[in-house]
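Taking it in order: structure first as structure tokens, then the write-up.
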Amino acid sequence: MSAGLLRVTWLPGDDILRGRCHCGAETEADDPVAIWEWLLAHPDHPGKS
Amino acid sequence: MTRCDPGHKLAGMTTAFVRNQWYVAAYGREIGRELFTRTVCGESILFWRTGNGAVTAMSDRCVHRRFPLSEKPSHLVGDTVVCGYHGFTYGADGVCVAVPGQTRVPRTARLRAYPIVEQDSFVWVFIGDPTLAATTRIPRAPWLDKPGWTVVAGMEPLAARASLLVDNLLDLSHETYLHGGYIGTPEVAETPITTEVDEEAGIVYVSRRMADAACPPFYSNSTGLTGRITRWQDIEYTPPCLYLLHSRIAPVGVLPNDDGSDPDAFHVEVVYAITPETEHSTHDFWAVARDFALDDQEVSDYLEKSNRTVVLQDVAALDTLEQVIATEPDGYQELSINIDTGGLAARRMLARMRAK
Ligand code: FES
Ligand SMILES: [Fe+2]
């Protein structure tokens, strides 16, 4: 993955978004606002809920 | 279904322009030896071609009493523009070379000149500090001017802020509802999407790959495919102006070869240039390039008519939306769900560019 690449995958029918930061940290959330906030907090990603 | 965020403010809907960027001002074919004007990011710009074919761009307001130089009886004489009101005359660099009745031309008599690049069938203009133009990227849409591709294109005036068109194009699930019977089929809204943000390159990607989908009329009538299809929609948005939709259509199960060649698929490159005119209106440039039926005029006519119809469906919806939100008080709320992941990423990137 190139430096600076953030990825969010979503499977419709499943309500969960999966986010992956360029540092490798991953999270899940059920709302796109929350997922971008989490990704953009790099390197201070909040702990997984 | 998905829990939403009722508290999310519509902060991304600001109408402020992103400056110090290149914007598509026109198709090259629109500009010739007639004076041509277009407003970009609130700036009225005069365009014309010099005798040797170069496009030139300068302010469309005479420095004397601000008469629009695009307005008759202003006219070109060789490589100069003569103002139709009192005759101030300007060269291709915008510098005033003659004024009526006196030999001395005031030193400050010059029109603001704009950096221009003609590329990929577009005329790009730089809005902002011209010293930054050379080091600011111009995204490419090579299919619009390339052997092996046939293009249909147009431009529709949109009476809505540019951010509404960005939202619209970043979430193609609306095809199923707003464009049913043209390009929408049920699978578009039902298929997984992957959103990627490349922070360094400043690009937002949204990818939707339908393995087994109905073929909408837009593609069945142009490709001749009649059965179910494999349909890929790969969006590549380079804010603020250029949006690409790499569309791949093939019979179900037909994939590209390992070496990347893809002889059994149909490729369509859908290009939009999203150029703010004012804070509440936008130039909606659209083009459809294809790598099949290259000389088939019927296919060209069909794609041109169909795509324009689809664009006008969006225009009607967004014009209505602009009327609604323009009259609402600041800080009204909206609600985002999973389909908005790409649109939110684009808004954030635009906000960051605006703040620079
Ligand atoms: S307004 Fe143009 S010459 Fe007077
Ligand atoms: Fe649309």
Side-chain angles (χ1 to χ4, degrees), chain A, chain B residues 1-12 167 170-173 176 186-211 213 233-236 333-352 355:
Chain A
M1 210 185 269
S2 100
L5 197 64
L6 311 174
R7 176 178 293 155
V8 179
T9 50
W10 169 45
L11 308 180
D14 172 1
D15 292 351
I16 302 299
L17 295 168
R18 293 181 178 77
R20 184 184 157 89
C21 182
H22 53 82
C23 69
E26 297 195 35
T27 193
E28 294 183 350
D30 59 2
D31 136 31
V33 176
I35 206 108
W36 287 121
E37 275 170 11
W38 188 92
L39 286 167
L40 296 167
H42 172 85
D44 304 314
H45 299 297
K48 276 193 193 179
S49 53
Chain B
M1 276 302 290
T2 305
R3 190 178 65 79
C4 307
D5 173 21
H8 178 59
K9 297 279 195 297
L10 208 44
D167 263 8
L170 268 286
D171 169 26
L172 295 182
S173 69
T176 303
E187 294 86 358
V188 177
E190 288 166 5
T191 301
I193 55 169
T194 300
T195 305
E196 289 183 334
V197 171
D198 189 327
E199 299 268 49
E200 283 177 9
I203 301 176
V204 178
Y205 300 93
V206 181
S207 171
R208 172 182 278 110
R209 297 195 165 186
M210 295 162 262
Q233 294 179 317
D234 293 324
I235 296 169
E236 178 179 349
Q333 294 183 338
E334 63 175 355
L335 179 155
S336 294
I337 63 167
N338 290 358
I339 56 171
D340 302 306
T341 303
L344 291 177
R347 282 189 194 179
R348 192 190 58 78
M349 204 174 269
L350 284 163
R352 207 180 55 177

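All values derive from a computational prediction rather than experimental measurement. Numbered from 1 within each chain, the chains take letters A, B, ... in sequence-line order.
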Less than 4.5 Å to any heavy atom of chain B: does that hold for the side chain of A:Leu39, its backbone, both, or neither? neither
For the OH atom of B:Tyr205 and the CG atom of A:Leu5, what is their distance to the nearest 0.5 Å? 8.0 Å
Measure B:Ile339 against the heavy atoms of chain A and call it side chain, backbone, both or neither at under 4.5 Å. both
Kindly compute the distance separating OG1 (B:Thr195) from CZ (A:Arg7), expressed to the nearest 0.5 Å. 10.5 Å
Can you measure from OG1 (B:Thr191) to CH2 (A:Trp10) and round to the nearest 0.5 angstrom? 10.0 Å
One should read off an interatomic distance between B:Glu199 CD and A:Leu40 CG, to the nearest 0.5 angstrom, of 6.0 Å
Nearest 0.5 Å please: distance from the CZ atom of A:Arg20 over to the CD atom of B:Glu196. 10.5 Å
Can you tell which part of B:Ser207 gets under 4.5 Å to a heavy atom of chain A, answering side chain, backbone, both or neither? neither
Apply side-chain contact (heavy atoms from CB on, under 4.5 Å) to the pair A:Asp31 and B:Ile337, showing each step before the final yes or no. CA-CA 6 Å; A:Asp31 136 31; B:Ile337 63 167; over 6 Å; no
So, the part of B:Ala345 with a heavy atom under 4.5 Å from chain A: the answer is both
Side-chain donor or acceptor of B:Asn338 paired with backbone N/O of A:Asp15 under 3.5 Å: yes
Heavy-atom side-chain proximity of B:Leu344 to A:Val33 below 4.5 angstrom: yes
